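A short worksheet on the structure shown next.
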Amino acid sequence: MDMVTHGRGSDAAPSARVSPVNSHNEWGALEEVIVGRLEGAVIPSDHPVVTCNIPGMAARAQSLLAGFRYPRIMIEPAQRELDGFVALLQSLGIIVRRPDAVDHRKRFSTPGWSSRGFCNSCPRDSMLVIGDEIIETPMVWPCRYFETQSYRAILKDYFQRGARWTSAPRPQLTDELFDPEFRVPEKGEPISYILTEFEPVFDAADFFRCGRDLFVTRSNVTNASGIEWLRRHLGDSYRIHEIESRCPNPMHIDTTILPLGPGKILINPEYIDVDHLPAVLKGWDILVAPESDPITDPVLRVTSLCGKWLNMNVLMVDEKRVIVDPHHTATMRAFENWGFEPISCKFLHYAAFGGAFHCATLDVRRRGTLESYF
């Protein structure tokens, strides 16, 4: 008997659908984006893989206050900035989708451990868009284990409208995945990572896309097994290149190196040695990011979960326009000198929740098709 059946009648799925998901790079004209939420946010639960990536005073505060709700003094200014960012995107004609609000203080568990949540401020971390496919990533922070649940309504809608939807193998996150002897390397020491190769794990924000070529940094949330899982999953249609980072506690690529358009790439001079870039990038224009303008507000300095290079965490609206925080005046001037049109949007308070413009978004649809730029 032929086991292949073909639907007929009113209930049959359309034979050809145009997927609402279509994004192949970081710079095509942005048409639809998912933006995170702050409602229900709690300070991330204590775990070595969390604290090793949080700078200075914020790491000590996080250890003491893990699992408690963020105070209003932090939520309210960040929410005002987030509302302004969403309004800006909509004014540019971009469709904005939002996850469900979630109470992240609820405790959850697996057979091996339990945790409270964090927040759904950064969809860039938990989902990777490759063409018409959204991949839920196997994230390593225990408090983010079920984070994509808050995006389920959006994911199901995209799937029903023709997108491909994949979930990488959910990790166990047991002690075997973490090196108990790990410590953050001192300046001049070789870079090391808290992760073993016990199982594949990665955050989507450790990758950026240039058509058929993806670039990745290994980090304290992405191991070699995770990179290999994605390489096998994507197959021969894509090439994945690893970029060496000199960051002592690496986590996410978008404050280390980020493409701004075909042939143009922004680098962090502290973390990237241009002589050790993948060979395919050698013909591209290297744009060196200026240092971030100092943060003088004592609350912002203490509460930020991010490093000082957050001025690089920008969002390309298209090949010319880029959204930048106006506090970073040197970065604004640099973009103008490079021929871009910076769009000003205040967003400093979002750093307490894990990022800036690039982190806070997941570009679901950008104009353009799959190309090879090398």
Side-chain angles (χ1 to χ4, degrees), residues 18-35 89 92-95 97 122-125 127-135 137 158 163-164 166 202-217 227 230-231 233-243 252-267 272 277-287 289 312-324 335 338-343 356-374:
V18 178
S19 171
V21 175
N22 182 70
S23 183
H24 302 282
N25 56 53
E26 311 292 333
W27 59 78
L30 186 58
E31 297 179 336
E32 184 165 341
V33 67
I34 299 173
V35 177
L89 292 170
L92 296 171
I94 298 164
I95 297 171
R97 303 289 301 269
C122 297
R124 180 76 57 176
D125 305 348
M127 293 171 286
L128 180 62
V129 174
I130 306 290
D132 68 346
E133 180 180 21
I134 295 185
I135 302 170
T137 61
Y158 287 153
R164 291 185 296 147
T166 302
F202 62 92
D203 276 15
D206 271 323
F207 293 81
F208 67 72
R209 304 153 305 145
C210 296
R212 292 192 181 276
D213 291 84
L214 278 69
F215 297 82
V216 61
T217 50
I227 298 170
L230 186 62
R231 181 177 281 117
H233 174 74
L234 295 178
D236 295 337
S237 297
Y238 292 87
R239 300 172 289 265
I240 297 181
H241 313 268
E242 189 168 336
I243 294 176
H252 301 166
I253 201 169
D254 42 18
T255 54
T256 296
I257 183 168
L258 190 68
L260 305 176
K264 296 181 180 181
I265 197 154
L266 181 66
I267 70 157
I272 290 293
L277 285 173
V280 294
L281 289 173
K282 293 299 175 68
W284 280 37
D285 292 338
I286 305 297
L287 309 177
M312 290 181 60
N313 200 280
V314 298
L315 180 68
M316 300 303 297
V317 176
D318 51 38
E319 290 187 29
K320 283 292 182 185
R321 295 178 294 172
V322 55
I323 299 177
V324 188
F335 275 110
W338 294 328
F340 294 94
E341 299 174 14
I343 300 172
F357 303 112
H358 200 252
C359 297
T361 54
L362 181 69
D363 38 313
V364 171
R365 189 168 66 255
R366 288 185 180 269
R367 204 171 302 150
T369 57
L370 181 60
E371 297 183 40
S372 181
Y373 298 95
F374 303 98

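FYI, side chains are in, hydrogens and waters are out, and symmetry mates aren't considered; it's all heavy atoms of this structure. Since the model is a prediction, treat every value here as computed from it, not as a measurement.
- Residues Ile95 and Arg365 form a side-chain contact, since some pair of their non-hydrogen atoms from C-beta on lies under 4.5 Å apart.
- Checked by atom type, the side-chain pair Glu242/Thr217 shows no donor-acceptor distance below 3.5 Å.
- Seen from the ring of Phe340, Lys264 counts as a face-on cation partner, given the 6.0 Å and 45° thresholds.
- Across all their heavy atoms, Ile94 and Leu30 have their closest contact at CG1-O, 3.4 Å.
- By the 4.5 Å heavy-atom criterion applied to side chains, Leu230 and Tyr238 are not counted as neighbours.
- To the nearest 0.5 angstrom, Leu315 atom CG is 10.5 Å from Cys359 atom SG.
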*Determine, stepwise, if the pair Val129 / Ile135 fulfils side chain to side chain contact (heavy atoms under 4.5 Å, CB included).*
CA-CA 6 Å; Val129 174; Ile135 302 170; over 6 Å; no

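- Taking NZ from Lys320 and CD from Glu341, the interatomic distance works out to 7.5 Å, rounded to the nearest 0.5 Å.
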_As a quick check of understanding, evaluate side chain to side chain contact (heavy atoms under 4.5 Å, CB included) for Val324 and Phe335, giving each step before the final call._
CA-CA 9 Å; Val324 188; Phe335 275 110; 4.0 Å; yes

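- Here CZ of Arg97 is found 12.0 Å from CG of Leu362. Values are rounded to the nearest 0.5 Å.
- Here the closest heavy-atom approach between residue Ala204 and residue Leu128 is recorded as CB-CB, 3.7 Å.
- Atom-to-atom distance recorded for Met312:CE and Leu260:CG is 8.5 Å, nearest 0.5 angstrom.
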*What do the steps show when you test Asp254 against His358 for side chain to side chain donor-acceptor pair (under 3.5 Å), and what is the final call?*
CA-CA 7 Å; Asp254 42 18; His358 200 252; 2.8 Å; yes

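- Shown here for Pro262 and Trp27, the closest heavy-atom pair between the two residues is CD-NE1, 3.4 Å.
- Note that CD1 of Ile286 and CG of Leu266 are 9.5 Å apart. Values are rounded to the nearest 0.5 Å.
- In the displayed structure, Lys282 atom NZ is contacted under 6.0 Å by more than 12 heavy atoms of other residues, nucleotides or ligands.
- Glu133 approaches His233 most closely through the heavy-atom pair OE2-NE2, 2.9 Å.
- Contact between Gly368 and Asn22 at its shortest, heavy atoms only, is O-ND2, 3.1 Å.
- Between Phe215 and Phe208, the ring planes are parallel. Angles under 30° get that label, and only those over 60° would be called perpendicular.
- Remark: the Arg209 side chain and the Ser23 side chain contain an N/O donor-acceptor pair separated by less than 3.5 Å.
- With no hydrogens or angles considered, no side-chain donor-acceptor pair links Thr137 and Asp203 at under 3.5 Å.
- Between the side chains of Tyr158 and Glu32, at least one donor N or O sits under 3.5 Å from an acceptor N or O.
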_side chain to side chain contact (heavy atoms under 4.5 Å, CB included) between Val33 and Leu89, intermediate numbers included_ = CA-CA 9 Å; Val33 67; Leu89 292 170; 4.1 Å; yes

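- You'll find the side chain of Ile323 reaches within 4.5 Å of the side chain of Val317, heavy atoms only.
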*Apply salt bridge (charged side-chain N to carboxylate O under 4.0 Å, His left out) to the pair Glu371 and Arg212, showing each step before the final yes or no.*
CA-CA 6 Å; Glu371 297 183 40; Arg212 292 192 181 276; over 6 Å; no

*Take Arg367 and Asp318 through the test salt bridge (charged side-chain N to carboxylate O under 4.0 Å, His left out) and record every step on the way to the result.*
CA-CA 9 Å; Arg367 204 171 302 150; Asp318 51 38; over 6 Å; no

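- You'll find the side chain of Val216 stays beyond 4.5 Å of the side chain of Phe202, heavy atoms only.
- Looking at Leu92 and Arg321, their side chains come closer than 4.5 Å, going by heavy atoms from C-beta outward.
- With hydrogens and angles left out, the side-chain atoms of Asp206 and His252 include no donor and acceptor closer than 3.5 Å.
- Not counting sequence neighbours, the partners of Thr256 by the side chain to side chain contact (heavy atoms under 4.5 Å, CB included) test are Ser245, Tyr271, Ile272.
- Side chains of Val314 and Leu258 form a contact here, defined as non-hydrogen atoms less than 4.5 Å apart.
- Aromatic ring centres of Trp284 and Tyr373: separated by at least 6.0 Å.
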*Begin from the C-alpha positions of Arg239 and Asp213 and carry the test salt bridge (charged side-chain N to carboxylate O under 4.0 Å, His left out) through to its verdict.*
CA-CA 5 Å; Arg239 300 172 289 265; Asp213 291 84; 2.7 Å; yes

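- Closest heavy-atom contact between Ile134 and Met127: CG2-CB, 4.0 Å.
- By the 4.5 Å heavy-atom criterion applied to side chains, Ile257 and Ile265 are counted as neighbours.
- Side-chain contact between Thr361 and Pro123 is absent, with no heavy atoms from C-beta onward closer than 4.5 Å.
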*Let me see the working for Glu31 and Arg366 under salt bridge (charged side-chain N to carboxylate O under 4.0 Å, His left out), right down to the final yes or no.*
CA-CA 5 Å; Glu31 297 179 336; Arg366 288 185 180 269; over 6 Å; no

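- Checked for salt-bridge contact, Arg164 and Asp132 meet the test: a charged N lies under 4.0 Å from a carboxylate O.
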